[in-house]
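Only one structure is covered here, and it is reproduced in the block below.
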There are 2 protein chains.
Amino acid sequence: MGRIKTNNNASRKDIILQKAAILFKEKGFKAASMRELAEVVGVEAASLYNHIKSKNELLHEICFNVANKFNEKLEQIESTDLSALQKTEELLRFHINSMVQNFDEVFVSDREWKYLSEPYLSNFQTQRRTYRKRFAAIIEDGIKKKEIKKIDATTAVLIMLHAISGIESWHRSKQKISGAELEENMIAILVGGLKK
Amino acid sequence: MGRIKTNNNASRKDIILQKAAILFKEKGFKAASMRELAEVVGVEAASLYNHIKSKNELLHEICFNVANKFNEKLEQIESTDLSALQKTEELLRFHINSMVQNFDEVFVSDREWKYLSEPYLSNFQTQRRTYRKRFAAIIEDGIKKKEIKKIDATTAVLIMLHAISGIESWHRSKQKISGAELEENMIAILVGGLKK
DNA sequence: TTCTTTTCAGCAAACGTTTGTTAGTGTATT
DNA sequence: AATACACTAACAAACGTTTGCTGAAAAGAA
């Protein structure tokens with residue numbers, strides 16, 4: 001019957017990806033069915049396959065889109081001559097803003113990546129590990145330069161990244177503070193915990 | 001053929017629950033099948049139903065077991081006359097230790113509760129909300145008494161609880177620091193971030 | 001002890017659904 | 001006329017769970 005509406009310069013596939021991210025976030029990748037996705041998109045399930053190859057393709061497009069954005073930002077920050085603490089703060093602010101503004105995709109990438117199929121799964125895991133090591137290197141540099149208190153850098157990264165994924169709860173919450181306030185509070189607690 | 005082996009005073013149902021927690025943690029609740037669980041237990045799928053009512057029952061037993069333990073601890077801490085900062089630290093240490101020692105169940109309770117069926121789902125969500133409010137009340141009390149810096153208490157709770165759920169990564173990691181070291185580092189960063 | 005009976009706990013087979021996906025066909029847009 | 005995109009119908013595979021049955025262990029009676 002009705003075609004998928006394409007606004008602006010978004011392709012029909014883009015629409016499907018966007019709706020898929022919302023659905024995967026709400027129900028989880030395994031629990032979300034293609035028939036449900038089709039209903040949200042406003043079309044029969046079989047019609048989706050005119051635009052995508054498989055359910056798995058949807059997941060790995062979402063995951064790698066997000067991963068690429070974070071990698072780019074990390075690279076950009078590494079190339080500046082900010083102090084280690086400033087680099088950490090800027091990376092954290094980027095994570096927080098991404099989570100506030102592109103919640104669905106970032107959340108799915110964070111929580112549902114384990115359902116990626118090979119070889120994407122291995123690739124993603126490697127990228128993830130590498131990203132964390134580079135983040136930890138920034139913190140270790142700060143410790144050497146005595147900007148940051150003497151802690152295990154790996155643990156610090158673990159804490160910060162997971163703390164940010166908790167913005168999920170903020171999204172769900174009824175009486176929420178503003179995104180800007182959330183950002184300032186998170187920075188105060190997280191960066192405050194690093195300072196000497 | 002072979003029966004489920006019951007050591008000590010663990011019933012066969014206990015064995016199934018324990019294996020289910022491990023499986024749900026690894027594959028996710030929806031992706032884990034009863035046939036897989038049966039294989040891990042060493043029995044045919046149908047045989048599981050001599051001991052349990054349904055797959056859903058497994059999930060809600062796991063989730064409520066964990067929730068009960070945390071509620072008990074919170075109640076106990078509330079009844080002491082420690083300072084707000086000390087209460088926070090003790091609760092955090094309890095969370096960290098639970099995550100280190102009873103990883104499977106705590107992880108499943110944290111990440112897979114959304115697949116609970118009603119009325120357990122609503123019940124669980126309410127308990128969760130209540131728990132966080134009481135935790136936040138401790139922090140707010142600390143802010144009033146000027147032990148803790150002026151931040152949004154709800155955000156602080158969100159950060160701390162999610163940071164702890166990140167111990168998942170620590171479990172997966174190859175070259176890990178000891179559980180005790182992990183605990184001290186997390187406390188240093190998280191409680192350090194609260195102090196004035 | 002030995003014999004009988006009840007309970008426990010396993011099995012294979014099948015159930016009705018739901019799953020992701022494909023094939024073939026019609027119809028609107030270009 | 002050609003291409004893009006929607007539809008209906010169907011597929012095999014996998015799912016949670018039920019049924020009916022079997023043998024072993026536990027309990028009771030002799």
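Labels below follow one simple rule: chain letters A, B, ... track the order of the sequence lines, proteins then strands, and each chain is numbered from 1. Nothing here was measured: the structure is a model prediction, and the numbers come from that model.
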Donor-acceptor pair (no angle test) under 3.5 Å: A/Asn50 side chain, D/dA4 base: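 Answer is no: no donor-acceptor pair is held.
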
Going 5' to 3' through nucleotides 12-20 of chain C and flagging B where a protein heavy-atom sits under 4.0 Å of the base, S where only the sugar-phosphate is that close, and - otherwise, we get B-B----BB

Between [N] ([atom2]) and [X] ([atom1]): distance, integer Å:
{"X": "B/Lys13", "N": "C/dA9", "atom1": "NZ", "atom2": "C1'", "answer": "15 Å"}
{"X": "B/Leu37", "N": "C/dG10", "atom1": "CG", "atom2": "C1'", "answer": "15 Å"}
{"X": "A/Ile52", "N": "C/dT22", "atom1": "CD1", "atom2": "P", "answer": "10 Å"}
{"X": "B/Glu39", "N": "C/dC11", "atom1": "CD", "atom2": "C1'", "answer": "16 Å"}

Which of parallel (below 30°), tilted (30 to 60°) and perpendicular (above 60°) describes A/Phe24 and A/Phe29?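 Because their plane-to-plane angle is over 60°, the rings of A/Phe24 and A/Phe29 count as perpendicular.
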
Please state whether the phosphate of C/dG10, meaning OP1 or OP2, lies under 4.0 angstrom from any side-chain nitrogen or oxygen of B/His51.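 B/His51 to C/dG10 OP1/OP2: side-chain N or O found under 4.0 Å.
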
Only pairs under 3.5 Å count here: list side-chain donor-acceptor contacts from residues 68-78 of chain B, not counting sequence neighbours, and write none if there are none.
unit_1	atom_1	unit_2	atom_2	d
B/Asn68	ND2	B/Phe64	O	3.1
B/Asn71	ND2	B/Ala67	O	3.4
B/Asn71	ND2	B/Gln127	OE1	2.8
B/Lys73	NZ	B/Gln76	OE1	3.1
B/Lys73	NZ	B/Glu90	OE2	3.4
B/Glu78	OE1	B/Arg134	NH2	2.7
B/Glu78	OE2	B/Arg134	NE	3.1

Closest heavy-atom contact between B/Ile159 and A/Ala163?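 The pair with the smallest heavy-atom distance is CG2-CB, 3.7 Å.
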
Does atom NZ of B/Lys27 have more than 12 heavy-atom neighbours, drawn from other residues, nucleotides or ligands, at distances under 6.0 Å?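 Result for NZ/B/Lys27: open.
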
Contacts of type side chain to side chain contact (heavy atoms under 4.5 Å, CB included), residue A/His51, not counting sequence neighbours: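 If we apply the side chain to side chain contact (heavy atoms under 4.5 Å, CB included) test to A/His51, skipping adjacent residues, the hits are A/Ile4, A/Arg12, A/Ile16.
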
When you compare the side chain of A/Ile151 with that of A/Thr155, does any pair of heavy atoms fall below 4.5 Å?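 A side-chain contact under 4.5 Å is absent here.
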
